[in-house]
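Just so it is clear: chains get the letters A, B, ... in the order the sequence lines come, proteins before strands, and each one is counted from 1.
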Amino acid sequence: MKSNKRILRIGLISLLLPFAVWIGFLVVIPHIELLRLSFISHRGNNFTLANYANFFTNALYRNTYIRSAVFSIIVTFITLVISLPMALFITKIAGPKAQGILMLAVILPFWISELIQAFAWMIMLRETGVLSYLLQLLGIIHHNVEFLYNDAAIMVGLVYTSMLFMVIPLVSTLSTMEDSIIEAAYDLGGNFWNTLFEVIIPYSAPGITTGSIMVFMLSLGNYISVTLLGGKNSLWFTEQIYNQFILRFNWNQGAAFGILLLILSSLIVWIGIKISGQEIEEVLR
Amino acid sequence: MSEIDVKVENVTKKFGNFTAVNNVSFEVPKGAFFSILGPSGSGKTTLLRMISGFEYPDSGNIYIGGEIVNNLPPNKRRTNLVFQNLALFPTMSVAKNIAFGLKRQHLSKQEIKKKVEHVLELVDLKGLGDRNVNKLSGGQRQRVALARCLVLEPTVLLLDEPLGALDLKLRENMKLVLKRLQARVGTTFIYVTHDQSEALTMSNLVAVMNKGKIEQISPPLELFYNPKTYFVARFIGDNNCWDGKVISLQKDTCNVKVGNISLTAKMGENISVGDEVSIFVRPEIISLKKGRSEKGLNGTVKEFVFDGAYFRIVVMAGTGENQLEVKVKIPQGEKIPDINNGSEVSLSWPDGSAIAFKKAGEIEKVIEKELEGVTA
Amino acid sequence: MRNAKKLLVLAVIFTMLVVSFAMASGEKQSAKASKVLRMLTWEGYAPASLVEKFKSETGLDVQIAYIGDNNELIAKLAATKGQGYDLIQPTYNWVTIAQNQYGVYAPLEMDKIKTDQIDPQLFKTVTEGTKINGKSYAIPFCWGTTAMIVNTKYAPEAGKTYKDFCNPKYAGRITYRAKYDSFYMFAYALGLDPAKAVSDEKAYRDVMEKTLKKMIECKKYVKTYWGSRQELEDLLLREEVWVASCWDAIAFSLTPKHPELQYRIPKEGAVGWIDTLAVSAGAENVEGAYKWINFIMKPENAAVIANKTGYSMASNGYLKYVTPERAKMVKEIFTPEVVKNIKWYFPLPSYAVDIEADVQERLKAAPSE
Ligand SMILES: Nc1ncnc2c1ncn2[C@@H]1O[C@H](COP(=O)(O)OP(=O)(O)OP(=O)(O)O)[C@@H](O)[C@H]1O
Ligand SMILES: [Mg+2]
């Protein structure tokens, strides 16, 4: 019986080995290397904390990070505000057939690359684009108006590319919620808003948190949509990391920025979870 | 008892081509414990949801406290519903569940707190206010669902099979709790169930529902001894039911040939000579004597069982092929004649306690299914 | 017990499969190395027709990896010290920096190169400019310029000076890159000379700071900083911009169909780049690399690339083999005076790389108003 178990364990370990190797080579080792690089001076090869200090002393880097983070928080919030009614509609109102179609409609855009999505938005928003044309057709504006190359365009792009990652967790939590719970809230005198805020949102809290973390991280780590849609004022923290590696060949500074991005963003997520009063273990589950 | 809290008037509800509730009318007096009893799928929930406002009738009117509420949404009605699955708010504590409705009434914090404490005491959950509802037992959850509604002091409390999810013993206990609670708070209850023992033990009035229609509304005892339709006679209690053919009619009785025995029964509806009918006699009303007699129905004991409350005796009456199976129930405590399996006995019942209804083949199947469920 | 054994056997088979796969692919590569020429180059520099021709002449297969910009090229090479590639095509001004910092190139053996096929003027510029310790690391391959393109319908007067990038007359109808080429244009327009200043860190910093100040001032007139060719073409063809910085090759492809779009070289001179041919320090097929160099610089072969890309070649007499219209257009735009006035990109010392990256970031972060 005992040897039986041991064979089983060996079998299991050797089955999991390729996976462990994959995790090790592609996730752990690069991060360790990144960490090591971040503590070495550029062109000097000696230990230093300067790469980290640069972030805090140089206003350009700091502000770019703050700007990217604030934007990502706003994007996360907007995505949530749009996704929650969508998820509610999909799980609570739509019939099974419409449900499938709606889910497909949410997932479909993710079969095309983000680059193409961004180009599609450029066609929509540009001065001679679809939106400008339609608004003129409706008589709301009377000449071409530029909707591209501004902060709002960045938000539109980011919300669009990350929507799925909010909708899916929301749908999966809300679909476990029995309709009668919402009915009960109405029956006890609740209206739409207090049912939403006191019953539905607390219930979907795990989904909201999971979705928010994903959307926040994706937005903060975005590069394509931001640079293409944002135009001349679109400096993003990822672009600065890219610049360190590619423009300046300063791998050490780039590594430090990468690690800082990871730490600071995790910190923001952690604070977010604390504020919303959830347990981290709950969210991970 | 004259004031009417809920009035349902010619209400019909269709889902597509399917009529779930068919031209139903009834009145519920203030303070009554009113049950709607019927087999699964008979439209009970639909009816209740129309009263609470989750469905709107296709035709007919619903009055609550004298006002038409046909198109009033649930949150504007003075009714509250205890859901079939309870539907407690899983993210909230017991007290918060109960306070949810109170908060909508813009009461002060202290007032809410006082009311919550009070109702918790009422349902015997004192001290459990801070507990999360997921950490309660079935019976406790049940009482939270009740408290959540009762605290709002609704005109009518609607309950949709609230005991369905509980195990047998707890259900027996909760029946009494509910009945006592209702007596204490005096709120009008409309109680939906497919379990007749629940309906019969707790209610002042029972409406028996079948296929979207109400068959009979009576106090429990009358339902028992004076059924108005074949369905009710068949559905309520473990009734004796014998099939036969009408051979002659008197003023309000008929003679029916069952096998080779001739029996006299009150006519439950219009019956003519030659009709196929069923005769119903309550097992509880039949008296049994040892030995044969001229007047009574003679037979032999086939089964003799004591179940703790009743002696259940099965007697085979008549002779030959067409013997009649007669169920007899004698309450424990009454004097039992000295009989065994195989004893010769004679059976009799008071005049007028046998009732005849025309046979309805289709209903038969529905009831068979339902009764199977009950005995299982 | 049975199940456990099955699981074990399955696991072992799986692991063996993975290992043997990895080994097999490793073997394949080294066995083929000397029959293959591995290139790291730009899109269009090694068209399929020429690769075929090369194979039939030499029997060598060509494997090509493409790069998007010089930073990426260095990033790819730096990690392996050039291993994995034989022939590399960096831009002239990027050669020394990569060599000094990472040593990714091998010094060229000039006796293996048919230098008579190469334009002597360009040859001198590049071999001199890439000299480290007396050895040259690159020869010219092709060249092009960045100047202005204007829509003559809306801005017929524009394009005589880079100052038009800051001309309020064209406010919101201007686009250029937030990259070094634009900085040079602005610098020359301000009368500064970055090429001269670059050898001194302080002087270069000074030039770039002055230029940056001007560019931030002019930011309000820019519609956007264009990033990709596609973006620029969309902006021009939809007439959303009238004045833009532009590569000559893009202009050559646009003008024939859209004659209102004209490539103009302002009085400050076009900014010019030269792409080169270099041999990797980690080359396994050195002979093959020289064979390709001599093959590709033949005028008839160079002309194929010129037609395809729109660039000018460093091959002597290639214009004889390009289409007559193309030859005419090139001769019209690149008059001897214009060519003489080209401001070639210059090699950047590492401090200059940092200064440029710094001003680029600050330009993008600066508010428009
Ligand atoms: N929303 C609906 N759409 C279509 N049909 C429905 C709907 N709700 C109920 N029905 C149908 O109406 C009939 C009555 O349903 P209802 O839920 O009222 O029965 P019930 O008496 O409560 O049964 P149970 O004892 O099983 O709860 C059923 O046949 C059911 O399938
Ligand atoms: Mg029901």
Original post:
So which of Leu102(B), Leu152(B), Asn85(B) has the biggest tally of heavy-atom pairs under 4.5 Å with chain A?
Top reply: Asn85(B)

Original post:
Does the pair Lys96(B)/Glu198(A) count as a salt bridge with the N-to-O cut at 4.0 Å?
Top reply: no

Original post:
Above 12 or not: heavy atoms from other molecules or residues under 6.0 Å from NZ of Lys113(B)?
Top reply: no

Subject >> Which portion of Arg148(B) sits near chain A, non-hydrogen atoms under 4.5 angstrom >> reply: both

**OP:** Identify the heavy atoms of Ser180(A) and Phe83(B) that sit nearest to each other, and give their distance.
**Re:** CB-CD2, 3.7 Å

Original post:
If you draw a 6.0 Å radius around CZ in Arg62(A), do more than 12 non-hydrogen atoms from other residues or ligands fall strictly inside?
Top reply: yes

**OP:** Answer yes or no: does atom CZ of Phe15(B) have more than 12 heavy-atom neighbours from other residues, nucleotides or ligands under 6.0 Å?
**Re:** yes

Original post:
Could you give the distance from CG (Leu88(B)) to CD1 (Ile181(A)), rounded to the nearest 0.5 Å?
Top reply: 8.0 Å

**OP:** Heavy-atom distances under 4.5 Å only: say whether Asn191(A) touches chain B with side chain, backbone, both or neither.
**Re:** both

**OP:** Quick one: pull up CG in Asp187(A) and CG in Asn80(B) and give me the separation to the nearest 0.5 Å.
**Re:** 5.0 Å

Original post:
Among all residues two or more places apart in sequence or in another chain, which pass the ring-ring contact (aromatic ring centres under 6.0 Å, His included) test with Tyr203(A)?
Top reply: none

Original post:
Side chain, backbone, both or neither: which part of Arg49(B) has an atom under 4.5 Å from a heavy atom of chain A?
Top reply: side chain

Subject >> Lys14(B), NZ atom: more than 12 neighbouring heavy atoms under 6.0 Å >> reply: no

**OP:** Determine whether more than 12 heavy atoms belonging to other residues, nucleotides or ligands lie under 6.0 Å from atom CG of Asp167(B).
**Re:** yes

**OP:** Working to the nearest 0.5 Å, report the span between CZ of Phe89(B) and CG of Leu188(A).
**Re:** 5.0 Å

Subject >> Residues that Asn134(B) engages under side chain to side chain contact (heavy atoms under 4.5 Å, CB included), provided they are two or more places apart >> reply: Pro90(B), Asn132(B), Arg141(B)

Original post:
Can you find a pair of side-chain heavy atoms, one from Val199(A) and one from Met92(B), that are under 4.5 Å apart?
Top reply: yes

Subject >> Residue-level contacts of residues 86-103 of chain A with chain B, using a heavy-atom cutoff under 4.5 Å >> reply: none

Original post:
For chain A, which residues from residues 52-71 of chain B have at least one heavy atom closer than 4.5 Å to it?
Top reply: Ser52(B), Phe54(B)

**OP:** Identify which part of Leu81(B) has an atom lying under 4.5 Å from any heavy atom of chain A, answering side chain, backbone, both or neither.
**Re:** both

Original post:
Is a side-chain N or O of Asn75(B) found less than 3.5 angstrom from the main chain of Gly190(A), in a donor-acceptor match?
Top reply: yes

